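Report on the following structure.
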2 protein chains.
Amino acid sequence: MSSYEKTCLIRGDGGRAIRSILDRIGNKWTLLVVATLEGGSMRFTELQQRIPGVSQRMLTRTLRLLERDGLVTRTVHAEVPPRVEYELTATGRTLIAPAVTLAEWAVEHNPGIERSHTSFDARAAQPPPDVG
Amino acid sequence: MSSYEKTCLIRGDGGRAIRSILDRIGNKWTLLVVATLEGGSMRFTELQQRIPGVSQRMLTRTLRLLERDGLVTRTVHAEVPPRVEYELTATGRTLIAPAVTLAEWAVEHNPGIERSHTSFDARAAQPPPDVG
DNA sequence: CAGTATCCCGTCCGATACTG
DNA sequence: CAGTATCGGACGGGATACTG
């Protein structure tokens, strides 16, 4: 496949396909939940403990969206106290590879991006360089 | 690298590295702009024509953020009428590969995800199935 | 234990109008 | 041509309080 044909996977149909997954993993907690569930079936509280900073509200929301996407299963056990297990589906597991690819890119290029922010912001704060 | 070690690229430091790039490509027009600039240096108007639906405002914003990240260069030519050329930097070009990887995943799994939405929403609209 | 409900703020995004 | 200014709606996300 040529380079142009590859970018068509992004541009094709106005990028509708890639948008739908970006609308999901663009959310703050999604990838953290998926990566954490890579360790196997897990309960709500255990997930919350393993993901520092996530609130009950946001963990619930994130899990519901992933369940709706068919990337995570939610299993309620009829017990007292209630026990709910979350687990990646087969499809959910396939998401990890491309996510890791992106994470590798991020880890490699973030330092440069942050340096770029610094210099860009410094330039923006200055009056534009003028001749004379 | 083990599967666990790979997901650490996502979970490491609370996912700060991957968040910064997701905060960029999570935005609606970013990847479309990057993929379009893969064709080479381009003017503002040409970009706008090649990206259906983007407004002047959003194209400007997107390009500024990409410039700040050091993924795109902005070159103003001192002419009348003004001519401004945008081009991917070396770093910007390296983003295309992981983006394509994600797009491939999206194209492959979107049909299943949309079917999942349909059945999930149908279930949610129904009263929960009860024994008896 | 595993959620819901409510409030509130910031940002994304679109639409529209104006300019060096 | 390549922007900027302003307005308004929608949504993500944090904090807090309540519940089967």
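As the structure is a computational prediction, the values presented were derived from the model and not from experiment.
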Subject >> Which residue lies more 5' along DNA chain C, comparing B:V54 with A:R64 via nearest heavy atoms >> reply: A:R64
**OP:** Give, ordered by number, those residues of residues 30-40 of chain B having at least one heavy-atom distance below 4.0 Å to an atom of DNA chain C; if nothing qualifies, reply none.
**Re:** none
Original post:
Should A:I25 and A:L95 count as side-chain neighbours, where that means a heavy-atom distance under 4.5 Å?
Top reply: yes
Original post:
B:T45 near the nucleic acid: base, sugar-phosphate alone, or nothing, with a heavy-atom cut-off under 4.0 Å?
Top reply: sugar-phosphate
Subject >> Those residues that, when tested against B:N110, pass side-chain hydrogen bond (donor to acceptor under 3.5 Å, both in side chains) (two or more places apart) >> reply: A:S20
Subject >> Which residues share a side chain to side chain contact (heavy atoms under 4.5 Å, CB included) with A:T45, sequence neighbours left out >> reply: A:Q49
So which protein N/O to nucleotides 9-13 of chain D N/O distances come out below 3.5 Å?
from: D:dG12; atom 1: OP2; to: A:R61; atom 2: NH2; distance (Å): 3.0
from: D:dG13; atom 1: OP1; to: A:K28; atom 2: N; distance (Å): 2.6
from: D:dG13; atom 1: N7; to: A:R57; atom 2: NH2; distance (Å): 2.8
from: D:dG13; atom 1: O6; to: A:R57; atom 2: NH2; distance (Å): 3.3

Subject >> Partner set under side chain to side chain contact (heavy atoms under 4.5 Å, CB included) for B:V80, not counting sequence neighbours >> reply: none
**OP:** Could you pull out all residues at least two apart from A:Q56 that satisfy side-chain hydrogen bond (donor to acceptor under 3.5 Å, both in side chains)?
**Re:** none
Original post:
Quick one: side-chain hydrogen bond (donor to acceptor under 3.5 Å, both in side chains) partners of B:T36, sequence neighbours excluded?
Top reply: A:R11
**OP:** Measure across B:L47 and B:V33 and return the closest heavy-atom pair with its distance rounded to 0.1 Å.
**Re:** CD2-O, 4.4 Å
Subject >> Results of salt bridge (Lys or Arg N to Asp or Glu O under 4.0 Å) for B:E85 - residues two or more places apart only >> reply: B:R83
Subject >> Between CG on residue A:L37 and CG on residue A:L88, distance to nearest 0.5 Å >> reply: 5.0 Å
Subject >> Residues that A:E104 engages under side-chain hydrogen bond (donor to acceptor under 3.5 Å, both in side chains), provided they are two or more places apart >> reply: none
Original post:
What do you reckon, is CZ of A:R64 surrounded by more than 12 foreign heavy atoms closer than 6.0 Å?
Top reply: yes
Subject >> More than 12 heavy atoms of other groups within 6.0 Å of A:R16 CZ >> reply: no
Subject >> Helical stems, DNA chain D - three or more consecutive Watson-Crick or G-U wobble pairs below 3.5 Å >> reply: C:1-20 with D:1-20
**OP:** Could I get the full list of salt bridge (Lys or Arg N to Asp or Glu O under 4.0 Å) partners for A:R50, not counting sequence neighbours?
**Re:** A:E46
Subject >> Opening and closing nucleotides of DNA chain C in contact with chain A, under 4.0 Å to non-hydrogen atoms >> reply: C:dC1 to C:dT6
